[in-house]
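Notes to accompany the following structure.
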Number of protein chains: 2
Amino acid sequence: MNERQTSSGSREVTSSQAEQTRTALIRAALNLFGQKGFDGTSTRDIAAAANANIGSIAYHFGGKEGLRLACAGFIVETIQRIAGPAMAAAAVPGEGERGEAAAMAQIDAILQRMVGFIVAEPQAGEIVQFVLRELSHPTAALDAIYAGVFEPVHRRLCAIWAAATGEEAEAEETRLRVFAIIGQVVYFRIGREAVLRRMGWSSIGLTEAARITGVITENVHAIRGAVKGRSS
Amino acid sequence: MNERQTSSGSREVTSSQAEQTRTALIRAALNLFGQKGFDGTSTRDIAAAANANIGSIAYHFGGKEGLRLACAGFIVETIQRIAGPAMAAAAVPGEGERGEAAAMAQIDAILQRMVGFIVAEPQAGEIVQFVLRELSHPTAALDAIYAGVFEPVHRRLCAIWAAATGEEAEAEETRLRVFAIIGQVVYFRIGREAVLRRMGWSSIGLTEAARITGVITENVHAIRGAVKGRSS
DNA sequence: TGACATTAATCAATCGTTTGATTAAAAAGG
DNA sequence: CCTTTTTAATCAAACGATTGATTAATGTCA
């Protein structure tokens with residue numbers, strides 16, 4: 001009942017009217033859920049923001065809960081699309097110090113991307129907010145996001161960190177270390193309001209993001225140095 | 001209408017019946033707000049959990065919004081009470097390397113306390129959750145929490161960090177650095193669900209908190225070393 | 001007694017969902 | 001090729017339930 005027909009051959013592949021309605025609802029819901037929370041958002045607001053009818057939500061997604069799950073799917077697709085390239089294997093340039101330096105350079109690039117996206121990007125704010133709410137109140141939507149984003153990204157970062165330090169990628173310590181590094185980035189979004197007030201900033205744009213990236217990059221390099229120098 | 005009487009002299013100082021109702025409502029609200037969010041919590045649930053009548057909320061706090069503000073006040077009092085001693089001036093034992101080592105030792109102690117409280121303490125979870133929700137959706141309650149907790153704690157940490165590194169306490173870089181350090185701790189609460197799944201943990205107790213503290217402490221020491229060694 | 005506190009009942013408003021009618025387009029039949 | 005039938009999609013309207021707030025009556029102490 002919910003699935004669009006994919007029947008005979010000669011049919012317009014590009015967004016049917018129904019597809020437009022679906023994506024409009026998802027976009028609106030993602031925005032409102034992130035901004036006012038799931039419970040704080042009414043289906044009427046979503047429908048109005050999407051220029052769709054209230055009944056469309058039940059028709060296309062089975063209800064408000066189904067729409068939330070669809071938002072999670074949209075997020076997974078989006079993140080995989082924009083974060084995939086930066087996380088790619090980078091054709092491991094070799095073992096030894098050459099490889100370590102290359103891995104560290106990749107970490108720098110990823111950090112810059114992460115800060116730019118998570119902290120500064122305005123259009124990504126709704127996604128981050130949505131995920132943060134899911135993290136503090138897990139539903140089935142989090143399962144999809146964890147499996148599609150958190151798990152693969154964290155695992156990849158652990159591998160790169162291992163390549164940069166010589167540690168074991170899946171060691172408990174490495175996994176915790178990577179979480180701590182991610183935390184440095186993410187907190188500037190979670191604690192955004194506190195950061196703005198304490199720093200006297202009115203917003204976090206490119207300039208402020210660059211300052212944040214500088215400090216965090218310096219931190220990560222220091223940590224890497226300590227971990228590496230520990231073996232001696 | 002909202003204020004409790006503080007009338008004649010010979011009155012039992014210990015919790016009057018009204019005072020009990022007030023604190024019961026605040027405790028219940030704090031718990032439920034943190035668990036299900038402000039919009040997700042009904043005044044009926046709060047009253048039921050506090051064994052009080054629905055009307056009591058309007059009577060004592062003027063409404064649901066007033067109760068949220070009262071929760072913020074309760075949080076400020078609580079944090080100041082349990083975090084105050086650890087943050088205290090520690091009677092600065094002197095300048096030079098002696099002072100730096102002492103400051104670093106105090107940072108270690110504070111880190112351990114912070115992780116233990118923010119990440120592991122179950123009864124503090126509701127407070128953290130409440131604050132996190134306020135951070136992502138600021139109301140007047142956040143103003144109280146920022147002024148009573150965030151600002152003084154962050155400022156104090158900056159001062160201690162300055163004493164441990166020789167940097168300037170209120171420099172932009174120092175403030176950002178302290179935020180990054182706090183972020184390492186806080187993320188293990190925000191991303192709790194993701195951490196649990198990735199680490200294969202079923203909960204974060206004393207054992208897990210100790211592992212986290214170990215990694216973060218190592219990180220902070222590495223960062224301090226890099227910042228100090230930079231001047232050469 | 002009189003001010004404070006609690007209670008049950010009720011209010012209008014809003015919630016998510018469901019309904020039946022309507023439209024447009026594709027499928028089927030000859 | 002034209003007609004008939006079926007299906008997908010949207011819409012306005014209304015549903016029952018729940019929301020925060022208010023009220024008037026009652027209870028409770030000093």
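Quick note on labels: first sequence line is chain A, next is B, and so on, each numbered from 1. Side chains included, hydrogens not; waters and symmetry mates left out as well; all remaining heavy atoms used.
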task: Verify the contact: side-chain N or O of B:H60 to OP1 or OP2 of C:dT6, cut-off strictly under 4.0 Å; return yes or no.
output: yes

- line: Rounded to whole Å, the CD1-P distance (A:I57 to C:dG16) equals 8 Å

message: Are the side chains of A:I223 and A:W161 in contact, using a 4.5 Å heavy-atom criterion?
response: yes

message: Can you list, in residue-number order, the parts of residues 38-54 of chain B that come under 4.0 Å of DNA chain D, counting heavy atoms only?
response: B:T41, B:S42, B:T43, B:R44

message: Which residues pass the side chain to side chain donor-acceptor pair (under 3.5 Å) test with A:H137, not counting sequence neighbours?
response: none

- request: Please report, rounded to the nearest Å, how far the C1' atom of C:dC4 is from the CD atom of B:E19.
  value: 14 Å

- prompt: Given atom CD of B:Q20 and atom C1' of C:dC4, what is their separation to the nearest angstrom?
  reply: 16 Å

field: Donor-acceptor side-chain pairing of A:N53 and A:S56 below 3.5 angstrom
entry: no

- prompt: What is the distance, rounded to the nearest whole Å, between atom CG of B:L25 and atom C1' of C:dT7?
  reply: 14 Å

- prompt: Between B:F38 and B:F33, what is the ring plane arrangement, given parallel below 30°, perpendicular above 60°, and tilted in between?
  reply: tilted

Which nucleotide in D:dA8, C:dT6, C:dG16 has an atom nearest any side-chain atom of B:Y59: C:dT6

Under 3.5 Å between N/O atoms: give me all the protein pairs with nucleotides 20-22 of chain C, atom names plus distance.
none

field: side chain to side chain donor-acceptor pair (under 3.5 Å) partners of B:E173, counting only residues at least two apart
entry: B:R177, B:R230

task: Any side chain to side chain donor-acceptor pair (under 3.5 Å) involving residues 64-73 of chain B? Give me the pairs, sequence neighbours left out, ordered by first then second residue.
output: B:E65-B:R68, B:R68-B:E134

- prompt: Who are the side chain to side chain contact (heavy atoms under 4.5 Å, CB included) partners of B:E77, not counting sequence neighbours?
  reply: none

- request: Measure the CG-CZ distance between B:L67 and B:R22 for me, rounded to the nearest 0.5 Å.
  value: 12.0 Å

